[in-house]
Amino acid sequence: MKKNINKVLYWTPRIVAIIFIIFLAMFSLDVFEGSNGFWQAILGLFMHNIPVFILLAVVIISWKREIVGGIAFVLAGIAYIIFTAIRFPFPQNLISSLIIGGPAFLVGILFLVGWFKKKNN
């Protein structure tokens with residue numbers, strides 16, 4: 001039973017992080033709706049996906065070092081909440097912060113729990 005819990009604790013943050021990154025990448029597809037040319041659309045797609053590339057690199061590093069993923073995803077959630085609090089009025093920033101910042105915090109906490117569990121064993 002304990003081995004199954006360790007497997008779940010190992011795989012859950014990685015799978016949730018990949019799903020979260022795909023969710024963020026979907027927002028970048030709006031660059032194809034406008035009347036932009038091909039190169040403008042490619043540049044817009046690249047610019048929209050910079051956070052996706054950063055989080056993807058964090059997941060790759062975190063695959064073996066959970067502490068990196070824990071800290072990075074928690075900091076990403078905090079940075080997003082600060083960004084939305086500065087940019088948007090209160091009711092909108094709360095909802096947006098929960099939609100984007102919430103999963104980032106969840107992934108970060110799951111990585112930290114996995115790291116703490118591995119450290120204590």
Side-chain angles (χ1 to χ4, degrees):
M1 180 72 169
K2 189 172 183 174
K3 195 168 198 168
N4 289 337
I5 292 173
N6 288 339
K7 279 187 177 183
V8 169
L9 199 54
Y10 179 82
W11 284 105
T12 303
R14 289 153 180 83
I15 292 170
V16 174
I18 291 169
I19 292 170
F20 177 64
I21 290 170
I22 292 169
F23 175 70
L24 288 180
M26 286 180 10
F27 288 113
S28 67
L29 297 176
D30 68 340
V31 298
F32 297 113
E33 290 181 359
S35 60
N36 297 334
F38 176 74
W39 292 111
Q40 287 177 332
I42 295 299
L43 180 63
L45 188 65
F46 175 75
M47 294 298 289
H48 278 79
N49 281 321
I50 289 174
V52 170
F53 297 141
I54 292 170
L55 289 178
L56 188 61
V58 168
V59 169
I60 291 170
I61 294 168
S62 302
W63 210 271
K64 294 289 182 184
R65 293 182 165 85
E66 285 112 349
I67 187 72
V68 173
I71 293 171
F73 274 97
V74 168
L75 288 178
I78 290 171
Y80 187 78
I81 288 171
I82 291 171
F83 175 75
T84 55
I86 291 170
R87 190 149 183 217
F88 299 110
F90 176 67
Q92 292 174 350
N93 73 14
L94 179 65
I95 294 168
S96 177
S97 294
L98 291 177
I99 291 171
I100 304 294
F105 276 122
L106 175 68
V107 170
I109 290 170
L110 287 171
F111 271 122
L112 289 174
V113 168
W115 171 77
F116 187 72
K117 189 94 168 151
K118 187 194 298 185
K119 182 181 165 189
N120 285 342
N121 288 342

- Query: Is F111 close to V58 at the side-chain level, that is, under 4.5 Å between some pair of heavy atoms?
  - Reply: no
- Gap between atom CG of L9 and atom CH2 of W115 - 0.5 Å precision: 13.5 Å
- Task: Indicate if I18 and W11 have the same hydrophobic cluster label, given that clusters are the connected sets of ILVMFWY residues with side-chain heavy-atom separations under 4.5 angstrom.
- Result: yes
- Query: Quick one: hydrophobic cluster around F83, which other residues, with the 4.5 Å side-chain cut-off, linked directly or via members?
  - Reply: none
- Message: Please determine whether residues L55 and L75 belong to a single hydrophobic cluster, defined as Ile, Leu, Val, Met, Phe, Trp and Tyr linked transitively by side-chain heavy-atom distances below 4.5 Å.
- Response: no
- Given F73, which of V59, L112, V16, V68 fulfils the side-chain contact (heavy atoms from CB on, under 4.5 Å) condition? V59
- What salt bridge (charged side-chain N to carboxylate O under 4.0 Å, His left out) pairs are there with at least one residue in residues 10-22, not counting sequence neighbours? R14-E66
- Query: Under the side-chain hydrogen bond (donor to acceptor under 3.5 Å, both in side chains) rule, what pairs show up with a residue in residues 38-52, not counting sequence neighbours?
  - Reply: S28-N49
- Task: Sort and list the pairs that fulfil salt bridge (charged side-chain N to carboxylate O under 4.0 Å, His left out) and have at least one residue in residues 70-88, not counting sequence neighbours.
- Result: none
- Message: Could you tell me if the side chain of L24 sits less than 4.5 Å from the side chain of I100, heavy atoms only?
- Response: yes
- Pairwise salt bridge (charged side-chain N to carboxylate O under 4.0 Å, His left out) hits with a residue in residues 38-62, at least two apart: none
- Query: Of all residues at least two apart in sequence or in a different chain, which pass the ring pair (Phe, Tyr, Trp, His ring centres under 6.0 Å) check with F23?
  - Reply: F27
- Note on the structure: Of all heavy-atom pairs linking P103 and F20, the shortest is CB-CD1, 3.5 Å
- Is it the case that one hydrophobic cluster holds both V74 and I54, taking links as side-chain heavy atoms less than 4.5 Å apart, direct or via other members? no
- Message: Applying a strict under-4.5 Å side-chain criterion to I, L, V, M, F, W and Y, I'd like to know whether L106 and I22 cluster together.
- Response: yes
- Query: Should the heavy atoms of other residues, nucleotides or ligands under 6.0 Å from CZ of F46 be counted, would the total exceed 12?
  - Reply: no
- Task: Say whether I15 and V52 are linked into one hydrophobic cluster, either directly or through other cluster members, by side-chain heavy-atom distances under 4.5 angstrom.
- Result: yes
- Do V113 and I109 come within less than 4.5 Å of each other through their side chains, counting heavy atoms only? yes
- Query: What distance do S97 atom OG and I78 atom CD1 have between them, rounded to the nearest 0.5 Å?
  - Reply: 12.0 Å
- Item | Straight-line distance of D30 CG to L45 CG, nearest 0.5 Å | 9.5 Å
